[in-house]
Amino acid sequence: MVRVAKGLTLVVGLGLSGRAICRHLSRLNVPYMVADTRAVPPGLEDFRAAHPGVDIHCGSLTSLDLTDIREVVISPGLDPRMAGLEGLADKISVHTGEPMVVGEIALFVRAAKAPIAAITGSNAKSTVTTLLGEMAEAAGVRAAVGGNLGTPALDLLADQPDAELYILELSSFQLETTPSLGAACAAFLNLSEDHLDRHGDMHGYRAAKQQIFNGAQSAVVNADDLSTWPEQAVAQVAHFSSKVPTTESEWGLALYHDKLTLMQGAQPWIAIDELKMAGQHNYLNALAALAMGQALGFADAPMCNVLREFKGLIHRSEVIANINGVTWVNDTKGTNVGATLAAINGIGATLEGRLILLAGGVGKGADFSPLAQPLSQCARHVLLFGLDAPRLADALIEHVSIQQVEDLNQAMQVAFKLAQPGDCVLLSPACASLDQFANYQERGEVFRRWVQKMAQQTAGAAL
């Protein structure tokens, strides 16, 4: 048993967030050591060179005696109740007054000198975070954008010390180790099955997400999804919905001068035919961003101008090409059932033809049955690949035509043969990618390159 020196902070995990934690502690001259359960973490020698003199423990945490430590700061990819940390998460540090095990966002809250706008949800949080960041810039607000998206939150403190607002995308992993966020505005967009392999069940998953409201001054929640509503008191709560607003403060969709329009109560904001984003799920994203921007005091006109120009995010309902009247859409960031449902419902309702869905990968213990009914309404065929293709097949086989294939490449080849003019081929896997790809981005790039190659070949053959 190795006894950790009294008063040291233990940083667990040497990934992207772990390294940001170490840089932050080094800037503050806080003494710390690092532990990683892997025998040889990637980039270990580079870390030693950047942080000479910092002790590094590789291997199980059970061989460390943590009796005298100041606190444990754990990377979001790691379980705060992992072997070696048992019981610590329920203890309070005498040094900080917070739980002994915290994450990077707890350190961020202690150090941040500007208000925080925070966004979570099973889906769409990257889109809303990016939208809000662009709205802030257009409104003349110096905002630093990051967290689970892009730059780690702690690096924002050093990179943009003059920020007037921090806009953070936060995952359930980050929130469960954040005792009190104290956001100026906190948004909980939606909740669907995801990460049950980490949180155990939907109750645990929701409880982690709900921590975004701890100390919040205002909240933005989904009127169509009661699970997003705060369990604790928040002074101001704004609701957005896919339906017609029922109160003057609620955000929703309604006909105004015969056009479907983003509304707040009876007040029109912008008609959807002015948007470059498509699909009802993106209209809800726009409403959530408007509600947050209003709560944060952004001017109306700059927010609407951003919405008119925003095309959406790479890998999220991204139109790659139209080949012979068939639209090919990359939604590889649909890594859970809720995200794929949003894409199916958002795109399926707009098609002249039918949907061909490409799905599969690592299901993370999710229930795929919610996909069955909407696919039965709009799908021509579903092509399944990857580790959990058999589980997807079991959930869908009685409702829609399916075929199991070896991999994404084979799925695209079959889809190309099956698709008819007016159809959409949608890559929205409802699964993580790590069985066959390095990450979801690589999966999306494989799709993009194949589709673009086929588009060029088809165009060349037509000459």
Side-chain angles (χ1 to χ4, degrees), residues 13 15-18 20-21 24 73-80 98-99 101-112 114-133 136 143-157 163 165-192 194-195 198-199 204-222 225 227-232 234 285 288-289 291-292 295-296 313 316 333 335-336 338-339:
L16 183 67
S17 293
I21 293 166
H24 176 72
V73 186
I74 191 167
S75 296
L78 302 174
D79 192 330
E98 294 184 342
V101 181
V102 296
E104 56 179 327
I105 304 303
L107 301 190
F108 179 89
V109 171
R110 295 175 196 168
I116 298 168
I119 299 98
T120 197
S122 300
N123 312 300
K125 52 188 178 289
S126 294
T127 299
V128 175
T129 300
T130 304
L131 257 178
L132 190 65
V145 182
N148 192 53
L149 168 74
T151 305
L154 289 169
D155 284 343
L156 293 177
L157 296 171
L165 176 69
Y166 291 104
I167 300 174
L168 303 182
E169 174 187 320
L170 297 178
S171 70
S172 59
F173 298 168
Q174 291 169 311
L175 287 166
E176 72 175 338
T177 53
T178 305
S180 184
L181 183 63
C185 185
F188 190 169
L189 303 176
N190 47 60
L191 188 72
S192 60
D194 201 7
H195 304 303
R198 167 73 168 265
H199 297 295
Y205 180 39
R206 178 175 184 256
K209 292 283 194 186
Q210 280 280 329
Q211 293 201 189
I212 198 169
F213 297 124
N214 289 348
Q217 298 170 33
S218 66
V220 171
V221 301
N222 189 337
D225 187 349
S227 61
T228 66
W229 295 23
E231 292 183 344
Q232 57 269 70
V234 178
N285 296 339
M292 291 194 76
L296 294 164
L313 301 183
R316 171 61 86 194
K333 205 171 186 293
T335 57
N336 58 57

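Residues: numbered from 1 along the sequence shown.
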Which atom of [X] lies closest to which atom of [Y], heavy atoms considered:
X    : Y    : answer
A118 : A183 : CB-CB, 4.4 Å
A219 : F213 : CB-CE2, 3.6 Å
L16  : P152 : CG-CG, 4.0 Å
T178 : Q211 : O-NE2, 2.9 Å
L131 : N285 : CD1-O, 4.1 Å
L107 : I21  : CD1-CG2, 4.0 Å

side-chain contact (heavy atoms from CB on, under 4.5 Å) partners for A117, two or more places apart: L132, L165, I167, M292, L296
query: To the nearest 0.5 Å, what is the distance between CD1 (I119) and CG (L149)?
result: 9.5 Å
Counterpart residues, side chain to side chain donor-acceptor pair (under 3.5 Å), relative to [X] (two or more places apart):
X    : result
T228 : none
K333 : S126
Q232 : N214

- request: Check the pair C185, V220 against side chain to side chain contact (heavy atoms under 4.5 Å, CB included), reporting the backbone distance first and the verdict last.
  value: CA-CA 7 Å; C185 185; V220 171; 3.9 Å; yes
Short question: side chain of [X], backbone of [Y] - any donor-acceptor pair under 3.5 Å?
X    : Y    : result
T151 : G147 : no
Q210 : W229 : yes
R206 : S227 : yes
N190 : S122 : yes

Within the 4.5 Å heavy-atom criterion, are [X] and [Y] side-chain neighbours or not?
X    : Y    : answer
L175 : I105 : no
L170 : N148 : no
T177 : P76  : no
T120 : S171 : no
S192 : N123 : yes
P179 : V102 : yes
N222 : F188 : no
V73  : H24  : no

message: Checking Y166 now: which residues fulfil ring pair (Phe, Tyr, Trp, His ring centres under 6.0 Å) with it, not counting sequence neighbours?
response: F108
- request: Using the side chain to side chain contact (heavy atoms under 4.5 Å, CB included) rule, take E98 and R110 through it: C-alpha gap first, then chi angles, then the decisive distance, then the call.
  value: CA-CA 11 Å; E98 294 184 342; R110 295 175 196 168; 2.8 Å; yes
- line: Sorted by chain and residue number, the salt bridge (Lys or Arg N to Asp or Glu O under 4.0 Å) partners of D155 (sequence neighbours excluded) come out as R23
E176 and K209 ion-paired at < 4.0 Å: no
query: Hey, mind stepping through L189 and K125 against side chain to side chain contact (heavy atoms under 4.5 Å, CB included) and telling me if it holds?
result: CA-CA 7 Å; L189 303 176; K125 52 188 178 289; 4.3 Å; yes
